[in-house]
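Working notes, structure below.
Values in this document were obtained by computation on a predicted structure and should not be read as measured data. Order of the sequence lines fixes the chain letters, A, B, ..., with proteins taken first and strands second; residue numbering starts at 1 for each chain. What you see below is based on every heavy atom in this structure, not just the backbone, and it leaves out hydrogens, waters and symmetry mates.
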Amino acid sequence: MNTESQQVWQPIPEKPPPSLSIGPVGWARKNLFSTPLDIALTVLGLYMIYVVASAILDWAVFNAVWRGTADDCREGSRACWPFIQAKWGQLIYGRYPLEERWRVDATMIIGVLAMIPMLIPAVPFKKVNAIFLFVVYPVIAFFLLLGGRFSLPLVETPLWGGLLVTLVTSIVGIVGSLPLGILLALGRRSDMPVVRMLSIGFIEFWRGIPLITVLFMASVMLPLFLPEGVTLDKLLRCLVGIALFSAAYLAEVVRGGLQAIPRGQYEAANALGLGYWRTMLLIILPQALRLVIPGIVNSFIALLKDTTLVLIVGLFDLLGIIQLSFTDPNWSTPNTANTGYFTAAVMFWCLCFSISRYSQFMERRLQTGHKR
Amino acid sequence: MNTIPQTNGGNYAIEITNMNKWFGSFHVLRDINLQVQQGERIVICGPSGSGKSTLIRCINRLEEHQEGSIIVDGIELSNDLKKIDEIRREVGMCFQHFNLFPHLTILENCTLAPIWVRRMSKTEANEIAMSYLERVKIPDQALKYPGQLSGGQQQRVAIARALCMNPAVMLFDEPTSALDPEMIKEVLDVMVDLAEGGMTMICVTHEMGFARRVANRVIFMDEGQIVEQNEPEAFFTSPRNDRTKLFLSQILGH
């Protein structure tokens with residue numbers, strides 16, 4: 001149709017892909033049933049899931065004791081939920097006095113209310129929110145939980161326990177260790193030899209000792225070195241120990257991110273006249289931290305679970321208080337321990353899984369579609 | 001400040017005297033002498049490894065020189081961080097690989113330094129950024145991220161970003177070497193426009209058409225030295241040095 005001298009180029013129109021290769025059917029064909037071995041493995045896998053899941057469901061739901069007393073739990077192997085109901089207050093508050101428990105509730109509610117708008121990117125006033133959450137809220141929480149001021153009776157930290165201690169140690173650990181870890185990572189890459197050596201020394205020292213040792217040192221050894229008459233709260237000592245320990249790990253995670261940022265980014269920032277701190281805060285860290293979100297969250301989750309070790313030094317976190325409640329003679333049944341551990345596992349899993357999901361959401365959100 | 005006596009009457013934008021630089025024990029720049037007038041446009045070419053990029057990177061202290069002096073806009077480069085920052089504010093730079101900040105939008109890339117270094121208000125910085133983005137013909141991309149733009153567009157953003165600081169001198173380090181052939185022209189057009197506006201420019205580039213069209217002077221470097229410099233017509237038609245002839249025959253011959 002075209003004249004010989006002038007051809008008009010026509011692209012071939014797009015066609016949809018063959019229907020068997022897309023959608024759930026295509027996915028299953030490709031991933032589950034592509035060869036006889038695949039089919040066998042798929043069937044075997046499904047069978048094993050069925051066996052395990054049905055056993056757990058039978059134990060925890062269908063055959064479980066839902067109402068009653070310890071006597072109802074003595075026979076068979078089944079979850080004993082009345083035990084958890086009876087001990088629920090302890091799981092959350094530890095030995096925090098009954099009439100003061102509202103203070104823990106208030107602290108948690110204020111915290112959650114301040115967190116929600118912070119975690120949802122679309123909500124405005126992030127600056128005010130952040131100042132409240134990281135400056136005002138810790139003060140409020142401190143006085144609400146500890147008391148001794150503003151006509152609130154003092155509740156000493158040895159009375160704290162359960163989920164309260166787990167959350168306090170892990171949140172203080174996370175919030176305290178991240179800035180310190182970032183500073184250590186920057187220090188380790190610094191041009192100044194003294195700063196670099198100090199950072200390396202700090203990181204290698206804390207990474208070289210087990211957390212249990214840190215906690216023992218904090219609770220047993222440290223008081224021996226303090227001058228006469230100076231006492232530091234045991235919980236506080238553990239908090240500091242955990243934060244420093246975790247900071248050393250975070251420092252190395254963050255350093256990995258810093259190393260992944262190409263030199264051109266530093267050069268471009270320098271060429272624009274940005275100094276060291278502005279280059280770091282505005283250009284390098286936002287990119288580096290985004291890169292290492294998986295590693296940071298990994299550390300946070302490990303930290304959250306490691307707080308169970310405070311049991312060793314006589315603080316009763318969630319797991320500790322559950323174990324303590326096994327010794328209650330009223331509830332000495334064959335199913336008590338299993339139910340307790342199962343509950344602890346579920347609660348820890350919920351906490352860790354929500355951190356994990358939120359981090360994945362943030363990772364996707366911060367993705368600006370680039371690779372350079 | 002008494003900076004005037006060092007600047008030969010004070011009208012050189014850049015004055016480099018007997019400058020030497022080593023990478024470890026490797027002597028990359030040898031006895032460099034270069035004066036750049038206000039509004040002058042210089043193209044530097046030469047084989048790879050000849051030290052041409054290193055030379056212009058010394059001008060804004062991305063590289064440190066060990067001997068000699070570099071005076072930019074009346075300010076002598078030394079280890080004084082304040083002076084370095086002052087010079088960097090006056091010298092804009094474009095890189096081979098653009099080096100845009102991938103986590104910021106195009107507009108934020110352009111306003112970051114004016115806001116944080118020049119202490120401009122956000123609205124003022126936005127206005128200036130948009131005017132430069134219009135000048136490089138991509139105002140409609142302002143809210144996108146660098147990763148969503150083509151190479152040519154990214155390099156034009158990089159030029160606009162540098163211009164937003166209102167620099168006295170612009171340095172270009174092989175700005176078109178990483179681009180697809182289709183995109184080289186759009187970047188060169190912006191650079192020609194800039195040159196015609198009277199900007200003092202030093203460009204490391206192998207775009208000889210660009211050199212002929214806008215340069216006042218073409219400099220040929222090899223082995224860390226300035227081998228030959230001349231105004232473009234004479235440089236291309238009657239090079240004096242054998243090394244220059246060989247180089248020109250290699251890049252123009254095909």
* How about Q66(B): does its CD atom have over 12 heavy atoms from other parts shown lying under 6.0 Å from it? -> yes

* Which residues in residues 107-124 of chain B have a heavy atom less than 4.5 Å from any heavy atom of chain A? -> L112(B), A113(B), W116(B), V117(B), R119(B)

* Dump the intermediate steps for side chain to side chain contact (heavy atoms under 4.5 Å, CB included) on L272(A) and R88(B), then the final yes or no. => CA-CA 6 Å; L272(A) 287 168; R88(B) 284 175 175 166; over 6 Å; no

* Asked: In Å, rounded to the nearest 0.5 Å, how long is the span from CG of N60(B) to CG of N270(A)?
  -> 8.5 Å

* **Engaged part of F95(B) at the chain A interface, taking heavy atoms whose separation is under 4.5 Å** => side chain

* To do: Please round to the nearest 0.5 Å and tell me the distance separating atom CD of E63(B) and atom CD of E267(A).
  => 7.0 Å

* Please confirm whether the backbone N or O of L100(B) pairs with a side-chain atom of Q265(A), one donor and one acceptor, at under 3.5 Å? => yes

* Asked: Are more than 12 heavy atoms from other residues, nucleotides or ligands located less than 6.0 Å from atom NZ of K185(B)?
  -> no

* Do H103(B) side-chain atoms and L282(A) backbone N/O form a donor-acceptor pair below 3.5 Å? -> yes

* Taking the side chain from N99(B) and the backbone from G264(A), do they hold a donor-acceptor pair closer than 3.5 Å? -> yes

* Asked: Should we count CG of D191(A) as having more than 12 external heavy atoms under 6.0 Å?
  -> no

